[in-house]
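These numbers were taken from a predicted model, which means no experiment stands behind them. FYI, the numbering just counts along the sequence from 1.
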Amino acid sequence: QVQLVESGGGLVQPGGSLRLSCAAAGSIFSINAMSWYRQAPGKQREWVATISSSGRTNYADSVLGRFTISRDNAKNTGYLQMNSLKPEDTAVYYCKAAVVTTTASYEYVYWGQGTQVTVSS
């Protein structure tokens, strides 16, 4: 069993910054891609960014140049550095990880519980 725990959300003024963390724990053999998604009130969940196990990154156009995804493989932790935040970035942010556990030979996708980010003056 694997758990993903996000942290780092909160209230920030427009133009401010936040750093989200996603810590994976449990029977982990390896973690492949890690991603961040977000869901604003009344909207569908949308993809934000992905980082591969080798460090290759991809971003949604709406956050390109403002957000940076990274990971620390030794700590089984992913990060999302969010700069120049806008009110439209307000959402619950979720991390997703493709994990190969110590008891299986295939990867399984796990989701965190989400962390609220509110951008408002």
Side-chain angles (χ1 to χ4, degrees):
Q1 188 71 311
V2 173
Q3 300 82 38
L4 301 182
V5 179
E6 298 109 332
S7 60
L11 173 65
V12 64
Q13 293 186 341
S17 299
L18 282 174
R19 188 193 194 205
L20 306 183
S21 298
C22 173
S27 303
I28 299 170
F29 177 76
S30 65
I31 301 177
N32 295 329
M34 299 186 77
S35 300
W36 288 92
Y37 287 72
R38 65 186 182 186
Q39 187 167 18
K43 295 187 177 181
Q44 289 188 330
R45 189 172 298 189
E46 66 173 357
W47 168 74
V48 174
T50 296
I51 185 168
S52 71
S53 57
S54 62
R56 186 173 64 182
T57 59
N58 285 287
Y59 297 92
D61 288 344
S62 59
V63 306
L64 187 64
R66 299 188 298 122
F67 291 10
T68 302
I69 189 171
S70 62
R71 61 192 290 169
D72 184 333
N73 292 330
K75 297 181 178 179
N76 288 332
T77 300
Y79 304 97
L80 186 68
Q81 177 67 44
M82 305 185 295
N83 299 328
S84 302
L85 283 161
K86 306 174 181 179
E88 51 263 44
D89 294 318
T90 295
V92 177
Y93 283 71
Y94 299 89
C95 69
K96 183 181 81 170
V99 180
V100 178
T101 67
T102 55
T103 58
S105 59
Y106 54 88
E107 69 177 34
Y108 188 81
V109 173
Y110 293 88
W111 288 86
Q113 82 288 351
T115 184
Q116 177 70 47
V117 171
T118 302
V119 185
S120 175
S121 55

Item checked: Minimum heavy-atom distance between Leu85 and Leu18, given as atom pair plus value -> CD1-N, 3.9 Å

Next item on the list: Determine the sole option in Asn83, Leu80, Thr57 for which the side chain to side chain contact (heavy atoms under 4.5 Å, CB included) test with Phe67 is passed.
Entry: Leu80

Next item on the list: Would you give the length of the straight line joining atom CD of Gln1 to atom CD1 of Ile28, rounded to the nearest 0.5 angstrom?
Entry: 11.0 Å

Check: Can you tell me how far CG of Asn32 sits from CE of Met34, rounded to the nearest 0.5 angstrom?
Finding: 11.0 Å

Next item on the list: Could you tell me which non-hydrogen atom of Val5 sits nearest to which non-hydrogen atom of Gln113, and how far apart they are?
Entry: CA-OE1, 3.7 Å

Checklist line | Exercise: identify the closest heavy-atom pair between Leu4 and Cys22 | finding: CB-SG, 4.1 Å

Checklist line | Side chain Glu6, main chain Gly114, donor-acceptor under 3.5 Å | finding: yes

Next item on the list: Tell me whether Leu20 is reachable from Val12 by hopping between hydrophobic residues (I, L, V, M, F, W, Y) whose side-chain heavy atoms are closer than 4.5 Å.
Entry: yes

Next item on the list: Answer yes if the side chains of Arg56 and Asn58 hold a donor-acceptor pair under 3.5 Å, and no otherwise.
Entry: no

Next item on the list: Please say whether more than 12 non-hydrogen atoms of neighbouring residues, nucleotides or ligands are located less than 6.0 Å from CD in Gln44.
Entry: no

Checklist line | Validation row: Glu107, Phe29 side chains within 4.5 angstrom (heavy atoms) | finding: no

Note to self: Hydrophobic clusters here meaning ILVMFWY residues chained together by side-chain heavy-atom distances under 4.5 Å, can you tell me if Val2 and Ile51 are in one?
What the structure shows: yes

Next item on the list: Flag yes if Trp111 and Val92 sit in one hydrophobic cluster, no otherwise; membership is Ile, Leu, Val, Met, Phe, Trp, Tyr, and two members link when side-chain heavy atoms are under 4.5 Å apart.
Entry: yes

Next item on the list: Kindly give the heavy-atom pair with the smallest separation between Ile31 and Ala97, and that separation in Å.
Entry: CG2-CB, 4.1 Å

Next item on the list: Specify the closest pair of heavy atoms between Arg38 and Ala91, including all atoms of both residues, with the distance to one decimal.
Entry: CB-CB, 3.8 Å

Item checked: Euclidean distance, Tyr79 OH relative to Cys95 SG, rounded to 0.5 Å -> 12.0 Å

Margin query: Is it the case that the ring center of Tyr108 lies less than 6.0 angstrom away from the ring center of Tyr106?
Written below: no

Next item on the list: Kindly work out whether a path of hydrophobic side-chain contacts (I/L/V/M/F/W/Y, heavy atoms less than 4.5 Å apart) joins Leu64 to Tyr37.
Entry: no

Next item on the list: Could you verify whether a donor N or O on one side chain and an acceptor N or O on the other, from Ser54 and Ser52, lie under 3.5 Å apart?
Entry: yes

Checklist line | Single-linkage hydrophobic cluster, 4.5 Å side-chain cutoff, Tyr94 and Tyr110 together | finding: no

Notebook entry, point to check: For Ile69, does its backbone N or O pair with a side-chain atom of Tyr59 as donor and acceptor, under 3.5 Å?
Noted result: yes

Item checked: Pairwise side-chain contact, Asp89 with Met82, heavy-atom cut-off 4.5 Å (strictly under) -> no

Check: Is there a side chain to side chain contact (heavy atoms under 4.5 Å, CB included) between Gln116 and Leu11 once you walk through the steps?
Finding: CA-CA 8 Å; Gln116 177 70 47; Leu11 173 65; over 6 Å; no

Checklist line | Main-chain N/O of Ser35 paired to Thr50 side chain as donor or acceptor, under 3.5 Å | finding: no

Next item on the list: Please confirm whether the backbone N or O of Arg66 pairs with a side-chain atom of Ser84, one donor and one acceptor, at under 3.5 Å?
Entry: no

Check: What's the shortest heavy-atom distance between Pro14 and Ser120, and which atoms?
Finding: CD-C, 3.6 Å

